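The next block holds one structure in the form of structure tokens; read it before the comments.
Atoms considered below: every heavy atom in the structure, side chains included; atoms not considered: hydrogens, waters and symmetry mates. Keep in mind it's a predicted model, so treat the numbers as computed, not measured.
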Amino acid sequence: MIRTCVITKDFEVVYDVPLPFLKKPSVSWYWVDFHEPTDEEAKLLADFFHFHPLAIEDCLEFIQRPKLDFYDQYLFMVVHSINQETLEAEEVDLFIGQNFLVSFHKQSVWGINQVWERLQTEEHFQAGPFHVMYHVLDKLVDDYFPPMYRMEDMLNDLDENTNDHTIQEILEKVFDIRGDLSKLRRTIVPMRDLLYRIINSDRLQRMKEQHIYFHDIYDHLLKLVEMIEANRDITSDIRDSYLSLNSNRMNTIMMTLTVITTIFMPLTFIAGVYGMNFDNMPELHWKYGYFAVLGIMALIAVAMFFLFKKKGWFRFHKGNG
């Protein structure tokens with residue numbers, strides 16, 4: 001679908017005009033949005049707008065990192081929106097000229113839809129295509145914050161373990177969050193670099209008036225990068241804490257089993273000796289042999305128990321072993 005919006009020299013906003021209308025002298029500037037376009041509609045990038053073939057190729061391949069290319073009469077910009085469900089980056093291509101803005105995206109983009117709807121109601125949008133481009137970028141970046149806040153809330157819940165998850169469940173959730181943070185980082189860091197280039201490029205003199213606005217977007221991206229790094233540190237702390245706790249519990253279990261095994265080793269040896277089927281074993285015919293052996297075994301077990309306790313083998317229950 002192709003959407004068109006025209007701002008006339010009388011500052012009237014007109015939607016859904018045919019493409020030939022864009023060439024009329026009464027048009028101050030226009031915005032054409034290729035919203036989930038078909039193959040036939042995508043051909044208009046070359047047939048009607050005559051954009052450079054390399055820029056058109058970048059639009060159709062959808063494998064680009066955020067970038068900015070300079071052409072004679074316009075700028076070509078690749079930016080990314082975020083899919084709120086999968087957190088995957090979705091490409092948005094922008095062609096910005098002195099009197100036009102052309103956006104191209106194969107998915108529905110919430111930020112562009114918001115700016116499109118507000119264009120008719122807010123007069124400051126009539127300033128021109130570069131100002132509208134700023135609002136598009138601002139909405140795309142604002143859309144990065146909700147998943148970040150959701151992950152922060154999830155990390156707080158995991159840290160406090162309000163839902164009484166097992167260690168295994170917590171570790172699985174922590175690794176899932178780290179994966180989501182990595183997805184966001186792969187999108188946000190290149191966008192930060194793009195905004196840095198926009199702010200510091202000498203070739204963007206026409207955008208000097210918007211520099212303060214682009215600085216605001218850049219500050220948001222810096223904040224997002226800091227949030228990502230902080231949350232990655234938190235996931236590392238939670239992971240290390242629960243791995244240490246799990247390791248300590250395993251050590252406790254192994255120590256308990258080791259103590260029990262060590263106590264029963266001599267008892268097993270005695271039972272094994274007197275379980276042999278030899279005829280010449282005088283103790284087997286002694287009237288009190290059975291009770292004497294049981295007494296010796298009990299004495300050995302008690303003696304070893306107190307010996308291990310004296311050596312501090314049982315202090316691990318208090319976290320000191």
Going only through I, L, V, M, F, W and Y residues with side-chain contacts under 4.5 Å, is there a path from [X] to [Y]?
{"X": "F269", "Y": "L267", "answer": "yes"}
{"X": "M254", "Y": "I260", "answer": "no"}
{"X": "Y149", "Y": "L140", "answer": "yes"}
{"X": "L101", "Y": "W110", "answer": "no"}
{"X": "L195", "Y": "F145", "answer": "yes"}

Min side-chain heavy-atom separation [X]-[Y] under 4.5 Å:
{"X": "L68", "Y": "L194", "answer": "yes"}
{"X": "W29", "Y": "F100", "answer": "no"}
{"X": "I270", "Y": "I300", "answer": "yes"}
{"X": "K309", "Y": "M304", "answer": "no"}
{"X": "F104", "Y": "V92", "answer": "no"}
{"X": "V27", "Y": "F21", "answer": "yes"}
{"X": "E91", "Y": "Q107", "answer": "no"}
{"X": "I96", "Y": "F76", "answer": "no"}

Between N113 and S108, is there a side-chain donor-acceptor contact under 3.5 Å, judged purely by atom types and distance?
yes
Regarding N83 and E90, do their side chains bring together a donor and an acceptor under 3.5 Å, going by distance alone?
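There is such a pair (donor and acceptor under 3.5 Å, judged by atom type) between the side chains of N83 and E90.
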Given ring pair (Phe, Tyr, Trp, His ring centres under 6.0 Å), test F95 with F49 step by step and report yes or no.
CA-CA 10 Å; F95 298 87; F49 295 100; 8.2 Å; no
Could you grab the distance from atom [atom1] of [X] to atom [atom2] of [Y], nearest 0.5 Å is fine?
{"X": "N99", "Y": "S28", "atom1": "CG", "atom2": "OG", "value": "8.0 Å"}
{"X": "I2", "Y": "H35", "atom1": "CD1", "atom2": "NE2", "value": "12.0 Å"}
{"X": "L155", "Y": "M151", "atom1": "CG", "atom2": "CE", "value": "8.5 Å"}
{"X": "L257", "Y": "T262", "atom1": "CG", "atom2": "OG1", "value": "10.5 Å"}
{"X": "C5", "Y": "W116", "atom1": "SG", "atom2": "CH2", "value": "5.0 Å"}
{"X": "H52", "Y": "I56", "atom1": "NE2", "atom2": "CD1", "value": "9.5 Å"}

Which residue pairs pass the salt bridge (charged side-chain N to carboxylate O under 4.0 Å, His left out) test with at least one member in residues 128-148, sequence neighbours excluded?
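As it turns out, there is no salt bridge (charged side-chain N to carboxylate O under 4.0 Å, His left out) pair with a partner in residues 128-148 once direct neighbours are skipped.
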Contacts satisfying salt bridge (charged side-chain N to carboxylate O under 4.0 Å, His left out) that involve residues 31-47 (not counting sequence neighbours) are R3-D33, E40-K43
Check step by step if side-chain hydrogen bond (donor to acceptor under 3.5 Å, both in side chains) holds for W31 and T4.
CA-CA 6 Å; W31 179 9; T4 57; over 6 Å; no
Salt bridge present between K67 and D58 (N-O < 4.0 angstrom):
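Yes, K67 and D58 are salt-bridged.
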What are the two closest non-hydrogen atoms of [X] and [Y], and how far apart are they?
{"X": "P129", "Y": "G97", "result": "CG-O, 3.3 Å"}
{"X": "F70", "Y": "R197", "result": "CE1-NH2, 3.3 Å"}
{"X": "F48", "Y": "K23", "result": "CZ-CE, 3.7 Å"}

Side chain to side chain contact (heavy atoms under 4.5 Å, CB included) for K223 and Y144? Distances and angles first, verdict last.
CA-CA 11 Å; K223 179 180 178 181; Y144 297 166; over 6 Å; no
Side chain to side chain contact (heavy atoms under 4.5 Å, CB included), that's the test. Do V13 and V6 meet it? Break it down for me.
CA-CA 6 Å; V13 181; V6 167; over 6 Å; no
Take M1 and F34 through the side chain to side chain contact (heavy atoms under 4.5 Å, CB included) test and state the conclusion after the steps.
CA-CA 6 Å; M1 179 177 68; F34 286 77; over 6 Å; no
Above 12 or not: heavy atoms from other molecules or residues under 6.0 Å from CE of M250?
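Count not over threshold, so no.
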Hey, do the aromatic rings of Y71 and Y74 have their centres closer than 6.0 Å?
yes
Does the separation of the ring centres of Y213 and H131 fall below 6.0 angstrom?
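Yes, they do, as the ring centres are separated by less than 6.0 Å.
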Side chain to side chain contact (heavy atoms under 4.5 Å, CB included) between R239 and F175, worked out:
CA-CA 8 Å; R239 178 195 61 192; F175 284 116; 3.7 Å; yes
Per the side chain to side chain donor-acceptor pair (under 3.5 Å) rule, what does the pair list look like for residues 177-196, sequence neighbours excluded?
R178-T235, R178-S236, S182-R232, R185-E229
